[in-house]
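Note that the structure is a prediction, hence the values are computed from the model and not measured. Whatever order the structure lists ligands and atoms in, that order sets their numbers, starting from 1.
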Amino acid sequence: MPRIGWLSWPRVCVVCGRYTRASVDCCPDCEASLPTIDQACQRCARPLSQPQRLCDRCIMALPAFDAAWAAFRWEGVIAKLLDRFKNRADLSAGRVLAALMARQWLAQERRAPDILVPIPMHWTRFWVRGFQPTHRLTQDLSRDIGGMSWRSALRLRHRVPPQSSSNPDARWVDTHNAFALRSTPHDLDGVSVALIDDVMVSGATAHAAARVLKDHGAKTVTVWLVARGGG
Ligand SMILES: [Zn+2]
Ligand SMILES: [Zn+2]
């Protein structure tokens, strides 16, 4: 019986458009050029210019989540891929971002969380976009890394302006009491939760969502981000 495994079609890199034999739709050259974060606040993943355990904001007041991890910095090609994914419904860009996140997470031999929960968008924005980007990321990450995906865990009680249109201080007010937990098919008591978001800038949204999960018994909440802004 001849082996036919090598007869797979080449993939097309979502960044440069060239064919690639890589295992994701991103060629090795483009993957190597993506903006990673060299040193970051251990609590909120804010990029830091010098080695420090916590950033100035976390020294003043710790967020409700226990840690944050960002695969990339929110700039350049990553910002463009996120824009294509979220605002132009380019689902292949979203799949690549999730695959690259999973690859980094697994390379660092980190443990899978018990449950993965996406930060939801308000229904009015869902109605315009037709899909929930963070739901897609959560589904892909759960498949690649492990952990149970609970995509409908959180509900947004009121509309929160997008991060790009609110200043950091106003954002803490906008997101206050923004989230509620849906009636729960899963017991959160003592479980580790990964809270999935595409981009974090001030950290206010993740703080508000993490507080709800902690109030319902989650043992740890770690924020997973495609990209971290602010620095
Ligand atoms: Zn490429
Ligand atoms: Zn911090």
J.: Only to 10 degrees, please: what angle do the SG atom of C41 and the SG atom of C58 make about the Zn ion (ligand 2)?
T.: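 About 110° at the Zn ion (ligand 2).
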J.: Taking side-chain contact (heavy atoms from CB on, under 4.5 Å) as the criterion, tell me which of T138, L116, L154, T205 meets it with L195.
T.: L154
J.: Please report, to 10°, the angle around the Zn ion (ligand 2) from atom SG (C44) across to atom SG (C55).
T.: 110°
J.: Checking side-chain contact (heavy atoms from CB on, under 4.5 Å) between W105 and each of L100, D144, I145, L141, which is the one that passes?
T.: I145
J.: Say you draw a straight line from CZ of R57 to CD1 of I59; how long is it, rounded to the nearest 0.5 Å?
T.: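 It is 12.5 Å, given to the nearest 0.5 Å.
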J.: Need one value: angle at the Zn ion (ligand 1), C16 atom SG versus C30 atom SG, rounded to 10 degrees.
T.: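 Once rounded, the angle between the two atoms at the Zn ion (ligand 1) is 110°.
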J.: Taking 2.8 Å as the cut-off, does an N/O/S atom of C27 lie below it from the Zn ion (ligand 1)?
T.: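 So C27 counts as coordinating the Zn ion (ligand 1), yes.
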J.: Would you say the side-chain atoms of D114 and S192 include a donor-acceptor pair closer than 3.5 Å?
T.: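 Yes.
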